[in-house]
Amino acid sequence: MNLEQLRSFVEVARFGNFTRAAEELYLAQPSLSRQIAALEQDLGAELFHRARGGSTLTVAGESLLPLARRMLADAASVRRELAELAGLERGRVRLGATPTLCISLVAEVLSAFHAEHPAIELHLSEQGSLRLLDELGTGELDLALITTTDASSAERFTVTPLLVEELVVVSSAAAPPVTGRDAITLEEVARLPQITFGSSYDLRSTTDAAFRAAGLTPEVVLEGAEMDAVLRFVERGLGVAIVPAMVLIDRPGLRPVRLQGTTLDRTISVASPADVAPTAAVEVMRRTITTSATAFAARAGATMRLAGDHDR
């Protein structure tokens, strides 16, 4: 029994006609008939009731049909996987990331991956970390770059920390510096006009908690903006914002200053379903993410480090 015999069997079962099946398979009808006869001989059972009006499955044929379809589907899956291993000529990667990562690290990751593997289909979901974990859990994503994890989900996902980065205060590079020192205190920041993120941002809850812990109430001039809007408003001098150091790369219109006394940081991790084996394309994407994260850490300097590096 071989795959060609099974494919012929499935097509005859589909059409109920040897001639029509032979046309579909681009085979001469005698060749198709020989394949079916050889399959019946191997199995020791007739698979079709042959009649002038067509061919119908015997009991043995009905038992074989779902097994044959599954074997052909498995063979096709193996071929696709081998094609990916040979050169990633086909495949798909569904990546999720938070908004701050989409405008920074993810742009580098997708650019590098697409340059090396242009035939791979790429899908991107831009959501908050908890929503991304939901999408991983339901099979909508293969990988997600997140900035927080839910401890109760630890068994469902494999989460690998990549980077630890500081949150810094940014102001417009066209305006005078907010301080003459190398760092600014949270108390000083609270007195400056601030642009804050929407409540769905992990960054918002982190900074709100820091101000509360210090007994401070910041002066907010604009609330609820998305990351790209926040950065543009700051560039135009509307106020200052507390943002991840990563978003400053290649943004000369912003002037950063580190926080003094209170270090706010976040850990960026890559997450994947714990019970799903990654395809070759997904595994290459994971390696691309790691390589890009290492390069980002080198460019960012003191405000960012690799998650495994404990030296500040």
Minimum heavy-atom separation for [X] and [Y], please, with both atom names.
{"X": "Thr98", "Y": "Gly128", "value": "CG2-C, 4.4 Å"}
{"X": "Ile146", "Y": "Leu101", "value": "N-CD1, 4.5 Å"}
{"X": "Leu141", "Y": "Ser125", "value": "CD2-CB, 3.9 Å"}
{"X": "Ala21", "Y": "Phe15", "value": "CA-CD1, 4.0 Å"}
{"X": "Asp182", "Y": "Val257", "value": "O-CG2, 3.5 Å"}
{"X": "Arg94", "Y": "Gly139", "value": "NH1-O, 2.8 Å"}

Please step through side chain to side chain donor-acceptor pair (under 3.5 Å) for the pair Gln29 and Thr19, ending with a clear verdict. CA-CA 6 Å; Gln29 184 173 331; Thr19 301; 2.6 Å; yes
Are side-chain heavy atoms of [X] and [Y] found at a separation under 4.5 Å?
{"X": "Val282", "Y": "Leu143", "answer": "yes"}
{"X": "Leu105", "Y": "Met246", "answer": "yes"}
{"X": "Leu162", "Y": "Leu145", "answer": "yes"}
{"X": "Leu306", "Y": "Leu163", "answer": "yes"}
{"X": "Val164", "Y": "Met304", "answer": "no"}
{"X": "Met285", "Y": "Asp142", "answer": "no"}
{"X": "Thr303", "Y": "Arg258", "answer": "yes"}
{"X": "Thr207", "Y": "Phe197", "answer": "no"}

Cut-off 3.5 Å, no hydrogens considered: what does the side-chain donor-acceptor table look like for residues 218-226, sequence neighbours left out?
from: Glu223; atom 1: OE2; to: Arg204; atom 2: NH1; distance (Å): 3.3
from: Glu223; atom 1: OE2; to: Arg204; atom 2: NH2; distance (Å): 2.6
from: Glu226; atom 1: OE1; to: Tyr201; atom 2: OH; distance (Å): 2.7

Charged N to carboxylate O below 4.0 Å: is that the case for Arg50 and Glu40?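 Yes, this pair counts.
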Hey, are [Y] and [X] close enough side-chain-wise for a donor-acceptor pair under 3.5 Å?
{"X": "Glu116", "Y": "His114", "value": "no"}
{"X": "Ser31", "Y": "Arg34", "value": "yes"}
{"X": "Thr185", "Y": "Glu187", "value": "no"}

What distance do [X] atom [atom1] and [Y] atom [atom2] have between them, rounded to the nearest 0.5 Å?
{"X": "Leu67", "Y": "Leu65", "atom1": "CG", "atom2": "CG", "value": "9.0 Å"}
{"X": "Thr217", "Y": "Arg191", "atom1": "OG1", "atom2": "CZ", "value": "13.0 Å"}
{"X": "Thr206", "Y": "Asp265", "atom1": "OG1", "atom2": "CG", "value": "9.5 Å"}
{"X": "Leu124", "Y": "Cys102", "atom1": "CG", "atom2": "SG", "value": "4.5 Å"}

With Arg181 via salt bridge (Lys or Arg N to Asp or Glu O under 4.0 Å) - residues at least two apart: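 Glu188.
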Residues in salt bridge (Lys or Arg N to Asp or Glu O under 4.0 Å) contact with Asp134, at least two apart in sequence or another chain: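 For Asp134 there are no salt bridge (Lys or Arg N to Asp or Glu O under 4.0 Å) partners, ignoring immediate neighbours.
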Indicate yes or no for a side-chain donor-acceptor contact from Thr138 to the backbone of Glu135 under 3.5 Å, with no hydrogens or angles considered.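 Yes, Thr138 side chain to Glu135 backbone: donor-acceptor pair under 3.5 Å.
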Give every donor-acceptor pair under 3.5 Å between a side-chain atom in residues 52-59 and any protein atom, sequence neighbours left out.
from: Thr58; atom 1: OG1; to: Glu46; atom 2: O; distance (Å): 2.7
from: Thr58; atom 1: OG1; to: Leu47; atom 2: O; distance (Å): 3.3
from: Thr58; atom 1: OG1; to: Ala60; atom 2: N; distance (Å): 3.4
from: Thr58; atom 1: OG1; to: Gly61; atom 2: N; distance (Å): 3.1

Who passes side-chain contact (heavy atoms from CB on, under 4.5 Å) against Gln5, sequence neighbours left out?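 Met1, Asn2, Gln35, Ala38, Leu39, Asp42.
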Do the ring planes of Phe48 and Phe18 sit parallel (below 30°), tilted (30 to 60°) or perpendicular (above 60°)?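 Correct class here is perpendicular.
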Mind checking what makes side-chain hydrogen bond (donor to acceptor under 3.5 Å, both in side chains) contact with Ser199, not counting sequence neighbours?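 For Ser199 there are no side-chain hydrogen bond (donor to acceptor under 3.5 Å, both in side chains) partners, ignoring immediate neighbours.
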